[in-house]
Structure formats: C-alpha cells, structure tokens
Amino acid sequence: MHTAFVTRFAPSPTGKLHLGHAFSALTAFEAAQKAGGRFLLRIEDIDQSRCRDPYISGIFEDLEWLGITWERPVRRQSEHFSDYQSALDRLKSMGVLYKCICTRKDIAAEIARSPSAPHGPDGAHYPGTCKHRPATEIAQAISDGHPFALRLDSMRAAKLIAAHNPLLFTDNEGHVHEADPLAFGDVVLARKDTPTSYHLAVTVDDALQGISHVVRGEDLFHATHIHRTLQALLGLPSPVYHHHKLLLNETGRRLAKRDKAQSLHSLRQSGWTAQDVRERLDRLSANC
Ligand code: GLU
C-alpha cells in the first residue's frame, strides 16, 4: 500500500527508556495509525562508546509491551556508516567542509578571548580557528595522529543555499518556519573516531527511509535549522516536523534517563500495565 505518511521513533540505546520516550513513541505511532501510514523504529547508535546492545533489546521489549508495532528490518545507524560517508563526500565536493584539530580547551580559550563572538541555541559558536589555519599545519597534526573533526563551513553553506532562500520548514500545524544555516555556526558533522554526527545521520536517514513526518521532542526544535540546511545542501526532501512538548514530573523536572525509578522496565517490574502508562502520560501531558 502506498501511503504518504511515514514516521519514526529514533532512540539512542544509551540507557533504558523512560516515560518521556513512551510519550514520544506513542505520539508518533498513534499519528501513523490515524493517518493510515507507516511507523518505523530506528536505532541511533553512532556513538559506539555509549551505546550498548542490551539497551536495544530493552527498547524492543518496552515498545512491544506498550502495544507498538513497527516495520522490520529495523535500521541501525552503526550498520550504515557508508551512507553518511557518501553524504560527507558530497559536502566535501561542494567545498562546505573543513578539518578542525582544535581541542575543547583550545576552543574555550579562543572564545574567552573574544566574548562578543556569535552565540546560538547551544552557546558560543566555534570561532572558526581551523578555517584560517594553514592547511599544512592541519595535515601535519593529522599525520602525527592528532584527532580531528569535520566541520560545516556555515557561511559557505549559507551562500550556496541563498539561491533557494528563504529556507523553510513546515510543522504539523501547518506553520512555516525559517531555518537559518548560521544558527549554530560551524557544527561538527563527523569526527575521526565517530565518522558521522547525530545531525548528519538523522538527516540522511530520514530521507533514505522516506520519512514524511518527523515526530520528536521540542528540545530538538532548534536542531532543525541544521537538518534543513543539510537537506538543502544534499538535495533531500524536507519532512513535516512535529516537535511535541516535553513531559515534566510532579516536581516540574524533565523526565530523564537518570531517573532510574521511572524507566519503563522498572515500572513494568513493579506491576504497571501499558494502560497505566498511557493514563499517566495523559495526566502528565495535560500539565504541560
Ligand atoms: N536519537 C535522538 C534521541 O534519542 C532522537 C533523534 C530524532 O528524533 O531526531 O534523542
């Protein structure tokens, strides 16, 4: 059956799922059901130092318990590094990537020297040190084994995209937002030890999987500036974005992985049913 509505839940297996994840997964799953569309599950495990296989089986168990069904096979990002490499090659050929050998300490020191430098939703932008560093110095450091990152040259990206201006994306209520390629400055798109970043992998995968509607928490709203920029550079379609509210617990704090007692696994162990979860989510979401 051909359906126009395709959405996904894309957790990172770095811990157990909690009520916030259940809310996100159910919001996406129910939206797909309502639209007669498709629901996919994607495992975002590019950070091999933090992701663990038992968390992946835990995700499957929790979602099944909630009554969610998804298509197989499940895309696991760590099995698709070559797709992200192709996107990096394309960006490189467009001249919008550069190598950066700065350490966190170098960057902090540089920012301290120029406090009026641009800031974005994540704080101070990378000051662009390596964009102006002699290529020979960078090549030497890399051949000496120095770690490096690949950064987006956001100014060049903005110039290239200017032809399509304004750069827009639409939300699930039909509101149109303007994306700013400069919002986060020269973000990291890959590292020597992690050959893609979240931003690049999510953008490539949403396009490859034909995602028409991205459903995720509003903490990722601003990241859409970067994703929309990458879509424009890579010639990828732009899905509709539904950034849902983040649930708060009774004390007004965001539900997070660190609240172990709130994991779906431990709720299940203590006798909760999937219906109890749904009712609790209804109550919590009515408060925010
Ligand atoms: N993997 C991301 C997370 O666990 C979600 C990515 C997305 O939905 O765009 O926060």
Side-chain angles (χ1 to χ4, degrees), residues 5-32 37-56 58-60 62-63 66 68 70 74-81 83-84 87 121-122 169-172 177 179 183-184 187-190 194 196-231 234 236-247 254-259 262-264:
F5 192 105
V6 186
T7 191
R8 61 9 173 228
F9 175 57
S12 297
T14 55
K16 289 187 174 141
L17 297 188
H18 55 68
L19 285 169
H21 292 110
F23 182 64
S24 204
L26 283 166
T27 304
F29 179 65
E30 284 165 8
R38 297 169 53 203
F39 173 82
L40 311 182
L41 171 64
R42 183 167 75 226
I43 300 295
E44 301 214 322
D45 60 344
I46 52 171
D47 184 350
Q48 299 279 286
S49 67
R50 292 176 57 228
C51 294
R52 301 277 175 270
D53 277 356
Y55 291 133
I56 301 180
I59 290 169
F60 295 157
D62 290 343
L63 297 182
L66 287 173
I68 291 177
W70 59 91
V74 169
R75 185 172 172 92
R76 206 174 148 166
Q77 288 186 324
S78 60
E79 292 168 358
H80 298 278
F81 283 124
D83 289 331
Y84 315 127
D122 265 356
F169 63 93
T170 308
D171 70 27
N172 57 313
H177 304 261
F184 286 81
V187 287
V188 169
L189 293 185
T194 312
T196 177
S197 68
Y198 153 67
H199 297 302
L200 183 68
V202 85
T203 306
V204 167
D205 282 356
D206 283 340
L208 275 177
Q209 296 193 285
I211 301 298
S212 65
H213 288 70
V214 167
V215 178
R216 61 186 179 193
E218 65 184 2
D219 52 333
L220 289 169
F221 175 82
H222 292 292
T224 314
H225 288 289
I226 305 172
H227 304 169
R228 186 69 192 92
T229 300
L230 292 172
Q231 286 157 5
L234 294 166
L236 303 175
S238 181
V240 169
Y241 286 92
H242 175 177
H243 290 103
H244 61 71
K245 294 248 169 277
L246 296 179
L247 297 189
R254 251 172 66 183
L255 301 173
K257 279 182 188 164
R258 61 180 173 270
D259 295 328
Q262 291 298 313
S263 76
L264 298 178

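Counting starts at 1 for both ligands and their atoms, in listed order. Residues take their numbers from the sequence shown, with the count starting at 1.
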*Which distance, rounded to the nearest 0.5 Å, do you find between the CG of L246 and the OG of S24?*
8.5 Å
List every atom of ligand 1 that sits less than 4.0 Å from any heavy atom of [X], numbering the atoms from 1 in the order shown and giving each element.
{"X": "R8", "answer": "7 (C), 8 (O), 9 (O)"}
{"X": "E44", "answer": "1 (N), 2 (C), 5 (C), 6 (C)"}
{"X": "S12", "answer": "1 (N), 4 (O)"}
{"X": "R216", "answer": "7 (C), 8 (O), 9 (O)"}
{"X": "V202", "answer": "9 (O)"}

_Among G15, A10, A201, which one puts a heavy atom closest to atom 5 (C) of ligand 1?_
A10
*Could you establish whether Y198 and ligand 1 come within less than 4.0 Å of each other, counting only heavy atoms on the residue side?*
yes
_H21 heavy atom under 4.0 Å from ligand 1_ = no
*Taking the inter-plane angle between the rings of F169 and H225 on a 0 to 90° scale, is it parallel (under 30°), tilted (30 to 60°) or perpendicular (over 60°)?*
perpendicular
*For the pair H227 and Y198, name the ring-plane relationship: parallel under 30°, tilted 30 to 60°, perpendicular over 60°.*
perpendicular
*Any luck finding a side-chain donor-acceptor pair between T27 and H242 under 3.5 Å?*
no
_Pairing donors with acceptors under 3.5 angstrom, does anything connect the side chains of Q209 and R8?_
no
*Pair K16 + D62, salt bridge at N-O below 4.0 Å*: no
